[in-house]
Amino acid sequence: MPANQELASTLSDMARMMELLGEDSFRAAAHSRAARAIEGLAGDIETIAADRGALLAIEGIGAKMADKIIEFCTTGVIKEHADLRARVPEGLLSVLEVPGLGPKTVRAMWQQLGITSRDGLARAIEDGSLLTLPRMGEKAVAKIRDALTFAAAAGQRTWLGKARPVADVFIDRLRSLAGVERVEAAGSLRRGRETIGDVDILVGMAADAPPAATLAVGEVFRTTPGVTHVLAAGDSKSSVMFSIDASQGRWQPTPNPEKGESLPPPPPGGPAIQVDLRVLPASVYGAALMYFTGSKEHNVRLRERAIARGMTLNEWGLFPDTHKDLGPPQSRGVTPIAAATEEDVFRALDLPWIPPEVREDRGELDHPRPWALVDLADIKAELHAHTTASDGVFTIEQLAAEARRRGFHTIAVTDHSQSSTIAGGLRPDRLRRHIDAVREANERTEGITILAGSEVDILADGRLDYDDDLLASLDVVVASAHAALTQDPATATRRLLAAVTHPLVHILGHPTGRLVIRRPGLSPDMSEIFAAAREHNVAMEINAHWMRLDLRDIHVRAAVEAGCLIAIDCDVHEGADFDNLRFGVQTARRGWVTADRCINTWPARRLHAWLRAKGRGGQ
DNA sequence: GCCGTTTTCGGCCCGACTGTTTTCAGTCG
């Protein structure tokens with residue numbers, strides 16, 4: 001595990017153990033906050049920690065936390081973490097992950113009943129001893145039993161590309177119901193995070209809609225085909241489990257039984273994701289949408305800002321006082337300053353509308369206004385696509401026709417190189433013939449430019465998979481690492497630097513080779529890679545496939561700050577891959593990419609000139 | 001444990017919902 005991630009997870013574990021031990025909750029929260037801050041860093045924590053001042057400059061990290069981080073970076077452990085682990089049973093943290101169980105309840109289970117694992121909890125349910133806990137009745141126990149059954153699925157996050165279609169099923173179904181004015185997905189899905197915990201659907205009802213219409217929305221929601229279980233069914237709030245397709249496309253794991261490998265068992269009831277519904281008046285939709293879009297940390301910042309201006313912000317609107325001792329303002333008849341639209345609420349807080357993707361408490365409230373992030377409609381070129389020559393399903397012409405249909409002015413044919421044998425990589429002679437075929441197709445085709453390229457392997461030692469003469473005959477060179485993805489960071493850094501500094505490389509394809517949830521990939525020193533990419537005028541790819549999303553959001557942000565160009569590519573193998581573009585664009589937006597910074601938005605003339613300049617003494 | 005256009009000490013976001021209770025504790029987002 002990369003050091004940043006390991007430190008973040010250590011601090012996060014410490015926070016949860018402190019909660020279980022009943023220690024000061026603000027102290028625990030401070031550790032959680034520090035963990036998040038570390039997770040959001042693009043730079044290597046071990047480098048940063050060499051300068052104590054740099055650590056202290058990170059928001060949420062003070063003197064004591066800095067010492068713990070330095071201790072981690074120099075010794076590999078934090079003594080306090082070990083002390084906490086000695087006091088908290090191993091399996092207790094997994095009990096805390098069961099939905100609906102919080103630190104207070106789990107602590108009571110542990111202290112009063114000796115429960116230290118999910119198995120122990122299940123036994124206490126069956127023998128009835130759980131009922132002896134204070135405030136624990138039949139219904140509460142039934143809920144926990146249910147949650148335990150679904151914990152395997154519910155505790156797991158899933159891929160953005162798996163969750164989005166689920167949201168669309170519900171949105172399409174609810175949109176046309178009587179009284180429904182607005183339907184949208186909120187939460188991490190709207191923010192475009194690479195993994196999704198549950199899907200949040202928000203429905204805004206017209207002012208004249210009768211109460212029955214609201215109830216009908218809930219009913220239709222809960223009876224949607226694909227719903228396997230109803231978790232909650234209130235008037236304005238419902239939760240269900242919805243079955244999802246577990247396939248992982250061309251990355252489907254293929255275990256080798258001879259080596260004793262097997263797939264993990266599916267969770268009981270099959271793979272599923274939780275979907276939550278909230279129904280509210282359209283007159284407060286904006287405030288509610290902000291609230292349910294989050295992130296939680298972003299919301300906290302906004303509320304603090306509201307308080308500093310003598311106002312209160314909640315999901316019902318922005319209110320002109322802070323008398324919280326008198327009860328919620330909306331139930332005291334106080335008229336909100338703003339509530340109907342997000343724009344209204346932001347404006348009343350002296351802010352421009354903030355795109356959902358950047359609402360992560362990473363400085364977005366201090367951004368010089370207004371926001372002008374790259375948009376889906378800005379993308380006019382696809383620079384990474386495969387044909388039947390290697391492992392794609394389209395011929396050159398079919399690929400070009402599909403790209404033209406989607407409004408692109410340029411499509412680059414970049415089949416695999418010889419070392420990617422499993423993917424049907426092209427030997428040099430085949431590539432030469434393929435280049436000729438692409439050029440001929442380009443001559444015959446109207447309305448789009450077809451470029452001859454290659455996705456050339458970066459070999460383990462940093463050499464490219466074709467010689468320079470062959471590479472120089474291509475219009476586009478995407479250099480990608482496909483093998484040896486478990487190299488140590490220093491070796492990986494040298495390897496990728498060799499590719500980025502190669503004079504004929506245009507784009508560094510899926511730079512780390514990570515797969516979301518599945519595989520960590522390389523962990524080179526990204527700041528070195530970005531500095532070299534800027535100097536050598538190489539674009540860093542955001543691979544739009546939801547399994548990859550590589551570069552990831554925080555690296556995109558660092559690349560932008562380093563002055564790099566960004567490419568957003570679908571890595572097309574089949575038609576559906578074009579549809580992943582929205583995930584790539586969302587990831588770019590999460591990294592604060594403007595349209596001008598993204599080469600896929602450039603007009604044909606500018607893009608083609610940039611490509612030609614490489615390797616011919618230009619730039 | 002962090003942090004400061006109210007504060008270097010004393011705060012730290014806010015409301016809905018649920019299930020348990022006769023006024024509230026815990027969890028969630």
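Sequence lines set the chain letters: A, B, ... in the order given, protein chains first and strands last, and positions in each chain run from 1.
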Residue list, side chain to side chain contact (heavy atoms under 4.5 Å, CB included) with A:R582, at least two apart or on another chain: A:R164, A:D168, A:L376
C1'-based separation of B:dT21 from B:dA25 [nearest Å]: 10 Å
Residue whose closest nucleotide on DNA chain B lies nearer the 5' end, A:V141 versus A:N299: A:N299
Aromatic-base stack, A:F26 on B:dC12, cutoff 5.5 Å, angle under 30: yes
Per-nucleotide protein contact string for nucleotides 21-29 of chain B (B base, S sugar-phosphate only, - none; heavy atom under 4.0 Å): ---BSSSSB
Residue-phosphate contact under 4.0 Å: A:W316 side-chain N/O, B:dC14 OP1/OP2: no
Contacts of A:A338 that satisfy side chain to side chain contact (heavy atoms under 4.5 Å, CB included) - sequence neighbours left out: A:D344, A:V345, A:A348
Selected nucleotide, minimal atom distance to A:N314 side chain, candidates B:dG15, B:dT18, B:dG1: B:dG15
Sugar-phosphate only, base, or nothing, as touched by A:G294 at under 4.0 Å among non-hydrogen atoms: nothing
A:R145: partners by side-chain hydrogen bond (donor to acceptor under 3.5 Å, both in side chains), with sequence neighbours left out: none
Side-chain (A:T293) to main-chain (A:M290) donor-acceptor, under 3.5 angstrom: no
Hey, what are the protein-to-nucleotides 4-11 of chain B N/O distances that come in under 3.5 Å?
none

Only pairs under 3.5 Å count here: list side-chain donor-acceptor contacts from residues 86-96 of chain A, not counting sequence neighbours, and write none if there are none.
from: A:R87; atom 1: NH1; to: A:E23; atom 2: OE2; distance (Å): 3.2
from: A:R87; atom 1: NH2; to: A:E23; atom 2: OE2; distance (Å): 3.4
from: A:S94; atom 1: OG; to: A:G91; atom 2: O; distance (Å): 2.8

Base-pairing mate for B:dC3 - Watson-Crick or G-U, with both contacts under 3.5 Å: B:dG10
Sugar-phosphate only, base, or nothing, as touched by A:S236 at under 4.0 Å among non-hydrogen atoms: sugar-phosphate
Rounded distance in Å - CD (A:E138) to P (B:dT20): 8 Å
Where at least one partner belongs to residues 164-202 of chain A, residue pairs that pass ring-ring contact (aromatic ring centres under 6.0 Å, His included), sequence neighbours excluded: A:F170-A:F221, A:F170-A:F242
Sugar-phosphate only, base, or nothing, as touched by A:E23 at under 4.0 Å among non-hydrogen atoms: nothing
Length of the CE-C1' vector between A:M18 and B:dG1, whole Å: 8 Å
Spacing of the P atoms in B:dT20 and B:dG26 (rounded, Å): 14 Å
A:L56 CG to B:dG1 C1', straight-line distance once rounded to whole Å: 13 Å
Trace of the side chain to side chain donor-acceptor pair (under 3.5 Å) decision for A:D127 with A:S129: CA-CA 6 Å; A:D127 68 20; A:S129 60; 2.7 Å; yes
B:dG10 versus B:dG15 - spacing of their P atoms, nearest Å: 26 Å
Closest heavy-atom pair and its distance - A:R175, A:D172: NH2-OD1, 2.8 Å
Rounded C1' spacing from B:dG1 to B:dT5 in Å: 24 Å
A:K143 side chain, from C-beta outward: closest of B:dC2, B:dT18, B:dC17: B:dT18
Nearest-Å distance once atom C1' is located in both B:dC2 and B:dT8: 12 Å
B:dC12 to B:dT18 separation - P atoms, rounded to the nearest Å: 28 Å
Length of the CD-C1' vector between A:E297 and B:dC2, whole Å: 15 Å
Under 3.5 Å, which donor-acceptor pairs link side chains of residues 70-83 of chain A to any protein atom two or more places apart or in another chain?
from: A:E71; atom 1: OE2; to: A:K79; atom 2: N; distance (Å): 2.8
from: A:T74; atom 1: OG1; to: A:I70; atom 2: O; distance (Å): 2.8
from: A:T74; atom 1: OG1; to: A:E71; atom 2: O; distance (Å): 3.3
from: A:T75; atom 1: OG1; to: A:E71; atom 2: O; distance (Å): 2.7
from: A:T75; atom 1: OG1; to: A:V77; atom 2: N; distance (Å): 3.3
from: A:T75; atom 1: OG1; to: A:V77; atom 2: O; distance (Å): 2.9
from: A:K79; atom 1: NZ; to: A:D83; atom 2: OD2; distance (Å): 3.1
from: A:E80; atom 1: OE1; to: A:K68; atom 2: NZ; distance (Å): 2.6
from: A:E80; atom 1: OE2; to: A:R27; atom 2: NH2; distance (Å): 2.5

Sugar-phosphate only, base, or nothing, as touched by A:I61 at under 4.0 Å among non-hydrogen atoms: sugar-phosphate
Whole angstrom value for the distance that separates P of B:dA16 from CG of A:L280: 11 Å
Residue pairs involving residues 92-113 of chain A (criterion ring-ring contact (aromatic ring centres under 6.0 Å, His included); sequence neighbours excluded): none
Member of A:R191, A:E364, A:R362 meeting the side-chain hydrogen bond (donor to acceptor under 3.5 Å, both in side chains) criterion with A:H298: A:E364
